[in-house]
Chemist: 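A single structure is presented below for examination.
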Amino acid sequence: MGLFITLEGIEGAGKSTLRTSLAELCNAKEREVVVTREPGATPLGQHLRTLLLDPSLPAITATAELLLFSADRAQHVEEVIKPALARNAIVICDRYVHSTLAYQGYGRGLALEHLRQLTEITTGGLMPDLVLLLDLEPSVGLTRARERERRASGSFKTLQQSAASGSVPEWNRFEQEELAFHTRVRDGFRALAANDSRILLLDAAQSPAAVLAAAQKAVLERM
Ligand code: T5A
């Protein structure tokens, strides 16, 4: 029933870019395509996304953060993903359970065993058929993400400049994390890929066209 593809990787790795071009590819095959993301794909999820990414939020614990992502996922699976798969659609989801393992597990240090148990509850055991993991140096990904935001806002402040001026930086709560955090997350994704044949590691330092070509081959095989 359907085909469930997830896109994973650090900030700025190119997931949104790939998700758009993959959707065009799948649409051309005359299959229903549902493009979705975590967090924030449902009305409840939109509220949770605002909370989770808010850079002005006082520090929240890793467990509180985990439970907010889990609430988003539980709603998302029931409201969007399962119905789409039942209609035989191709679901392309930007982030899913491997983000929780990488960010809350490897990044924040929560026990992977507990995360897997919680994931079982939030998803009812629904795992992707294919995980496209965009692997990139965190410094490159963060630069890409920040340049994109600078283009969107027309201005760019470093964290230090924002702190000096007393203004709130434009970057979200995760983008503001230190490089060591993003490196742990990237290493975590790579460790997950080494032990799971559903995860296809793609070199995200390549051009968008080259990344799409590598992803396309894997998707067409599964279609
Ligand atoms: N999170 C999420 C958790 O901690 N636990 C969880 O369980 C879940 C589900 C979500 C945050 O939540 C965390 C992880 C995240 O920190 P988000 O805003 O949804 O936050 O952030 P991201 O998913 O990281 O999205 P980004 O938009 O930052 O990154 P993308 O989508 O990977 O990057 P993209 O495609 O927008 O590209 C960034 C820029 O690079 C260019 C693009 O044009 C764009 O300008 N680009 C390339 N440039 C050169 N070469 C390429 N191959 C390129 N591909 C794209």
Side-chain angles (χ1 to χ4, degrees), residues 1-23 25-26 33-39 41 66 69-70 72-73 76-77 81-82 84-85 89-138 140-141 144 174 181-208 210-223:
M1 293 225 297
L3 179 64
F4 186 21
I5 301 167
T6 61
L7 309 182
E8 298 282 8
I10 58 157
E11 270 70 19
K15 297 175 300 300
S16 311
T17 305
L18 178 61
R19 146 185 120 183
T20 304
S21 40
L22 263 188
L25 170 83
C26 295
V33 182
V34 173
V35 178
T36 186
R37 69 167 179 180
E38 292 189 0
L66 166 69
F69 278 116
S70 299
D72 171 75
R73 180 162 304 133
H76 186 207
V77 166
I81 301 177
K82 277 190 183 168
L85 292 174
I90 298 173
V91 176
I92 302 174
C93 183
D94 191 339
R95 296 195 180 280
Y96 191 59
V97 298
H98 295 93
S99 279
T100 302
L101 297 172
Y103 281 80
Q104 281 65 54
Y106 290 90
R108 300 281 192 227
L110 295 179
L112 291 183
E113 183 198 337
H114 294 162
L115 300 183
R116 290 187 199 280
Q117 287 169 354
L118 186 55
T119 290
E120 184 69 28
I121 296 170
T122 54
T123 66
L126 178 66
M127 291 298 279
D129 300 299
L130 173 66
V131 182
L132 297 170
L133 170 57
L134 298 180
D135 181 53
L136 189 65
E137 273 291 330
V140 178
R144 281 186 192 172
F174 288 90
F181 172 81
H182 294 285
T183 302
R184 288 198 299 279
V185 171
R186 192 250 186 137
D187 291 346
F189 274 127
R190 291 173 66 94
L192 294 169
N195 293 303
D196 189 339
S197 60
R198 279 171 306 199
I199 304 178
L200 177 65
L201 192 141
L202 301 172
D203 177 5
Q206 304 175 93
S207 68
V211 174
L212 174 63
Q216 177 174 343
K217 186 169 176 293
V219 170
L220 291 178
E221 276 170 15
R222 280 154 186 88
M223 280 169 80

Chemist: Return the minimal non-hydrogen interatomic distance between L18 and A215, and the atom names on each side.
Modeler: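 Residues L18 and A215, closest heavy atoms: CD1-CB, 4.0 Å.
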Chemist: Are the side chains of T123 and V97 in contact, using a 4.5 Å heavy-atom criterion?
Modeler: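 The answer is yes, as the side chains (C-beta and beyond) meet within the 4.5 Å cut-off.
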Chemist: Measure the CG-CG distance between D196 and L201 for me, rounded to the nearest 0.5 Å.
Modeler: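 If I round to the nearest 0.5 Å, the distance is 12.0 Å.
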Chemist: Side-chain contact, heavy-atom cut-off 4.5 Å: L202 with L132?
Modeler: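 In contact.
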Chemist: For the atom pair CZ (F189) and NE2 (H98), what is the distance rounded to the nearest 0.5 Å?
Modeler: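 Output value for this atom pair is 9.0 Å.
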Chemist: Can you check whether Y96 reaches V131 side chain to side chain, under 4.5 Å on heavy atoms?
Modeler: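 The answer is no, as the side chains (C-beta and beyond) never meet within the 4.5 Å cut-off.
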Chemist: What closest approach, in Å, do R19 and R37 show between heavy atoms, and which atom pair accounts for it?
Modeler: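 Here R19 and R37 meet closest at NH1-CB, 3.8 Å.
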Chemist: Just how far is it from atom CE of M127 to atom CZ of R198, taken to the nearest 0.5 Å?
Modeler: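 M127 atom CE to R198 atom CZ measures 4.5 Å (nearest 0.5 Å).
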Chemist: Distance check, rounded to the nearest 0.5 Å: C93 atom SG versus R73 atom CZ?
Modeler: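 With rounding to 0.5 Å, SG (C93) is 8.0 Å from CZ (R73).
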Chemist: State plainly whether the residues R144 and E11 are in salt-bridge range, i.e. N to O under 4.0 Å.
Modeler: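 Between E11 and R144 there is no salt bridge, as every charged N stays at least 4.0 Å from the carboxylate O atoms.
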Chemist: Quick check: closest heavy atoms across I10 and G141, and the distance to 0.1 Å?
Modeler: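 I10 and G141 have their closest heavy atoms at CD1-CA, 4.3 Å.
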Chemist: If you compare all heavy atoms of A102 against all heavy atoms of L192, which two are closest, and at what distance to 0.1 Å?
Modeler: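 Shortest heavy-atom separation between A102 and L192 comes out as N-CD1, 4.3 Å.
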Chemist: Going by heavy atoms in the side chains, are R108 and R184 under 4.5 Å from each other?
Modeler: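 The answer is no, as the side chains (C-beta and beyond) never meet within the 4.5 Å cut-off.
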Chemist: Would you compute the distance between atom CD of Q104 and atom CG of L118 and round it to the nearest 0.5 angstrom?
Modeler: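 Here the interatomic distance stands at 10.0 Å.
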Chemist: Could you tell me whether K217 and E221 make a salt bridge, using a distance below 4.0 angstrom between a side-chain N and a carboxylate O?
Modeler: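 The answer is yes: the pair qualifies as a salt bridge.
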Chemist: Could you go through the side-chain contact (heavy atoms from CB on, under 4.5 Å) check for I90 and I5 one step at a time?
Modeler: CA-CA 8 Å; I90 298 173; I5 301 167; 4.1 Å; yes
Chemist: Do the non-hydrogen side-chain atoms of M223 and V219 ever get within less than 4.5 Å of each other?
Modeler: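 Counting from C-beta outward, M223 and V219 do come under 4.5 Å.
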Chemist: First locate atom CG of L126, then atom OG1 of T119, and finally report the distance between them rounded to the nearest 0.5 Å.
Modeler: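 The distance works out to 11.5 Å.
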Chemist: Flag the pair R186 / Y106 as yes when at least one side-chain heavy-atom distance between them is below 4.5 Å, and no otherwise.
Modeler: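 Side-chain contact under 4.5 Å: no.
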Chemist: Side chains of S99 and E38: any donor to acceptor distance under 3.5 Å?
Modeler: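 Note: E38 and S99 side chains miss the donor-acceptor criterion.
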Chemist: List the atom of T100, the atom of L66, and the distance in Å for their closest heavy-atom pair.
Modeler: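 It is CG2-CD1, 3.6 Å.
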Chemist: Got a sec, which residues hit side chain to side chain contact (heavy atoms under 4.5 Å, CB included) with A205, two or more places apart in sequence or on another chain?
Modeler: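 Applying side chain to side chain contact (heavy atoms under 4.5 Å, CB included) to A205 gives L136, D203.
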Chemist: Nearest heavy-atom pair of L200 and A214: which atoms, and what distance?
Modeler: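 That would be CD2-O, 4.4 Å.
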Chemist: Mind checking what makes salt bridge (Lys or Arg N to Asp or Glu O under 4.0 Å) contact with D129, not counting sequence neighbours?
Modeler: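 Expected list: none.
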Chemist: Find out whether I92 and V33 are in side-chain contact, i.e. whether some heavy atom of one side chain is under 4.5 Å from a heavy atom of the other.
Modeler: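 A side-chain contact exists here, since the closest heavy-atom pair is under 4.5 Å.
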Chemist: Are Y103 and F69 an aromatic pair, judged by ring center distance below 6.0 Å?
Modeler: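 Ring centroids of F69 and Y103 are no less than 6.0 Å from each other.
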Chemist: Looking at side-chain heavy atoms only, is the closest gap between L7 and L22 below 4.5 Å?
Modeler: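 Sidechains of L22 and L7: in contact.
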Chemist: List the steps, then state whether side-chain contact (heavy atoms from CB on, under 4.5 Å) holds for L85 with V91.
Modeler: CA-CA 7 Å; L85 292 174; V91 176; 3.7 Å; yes
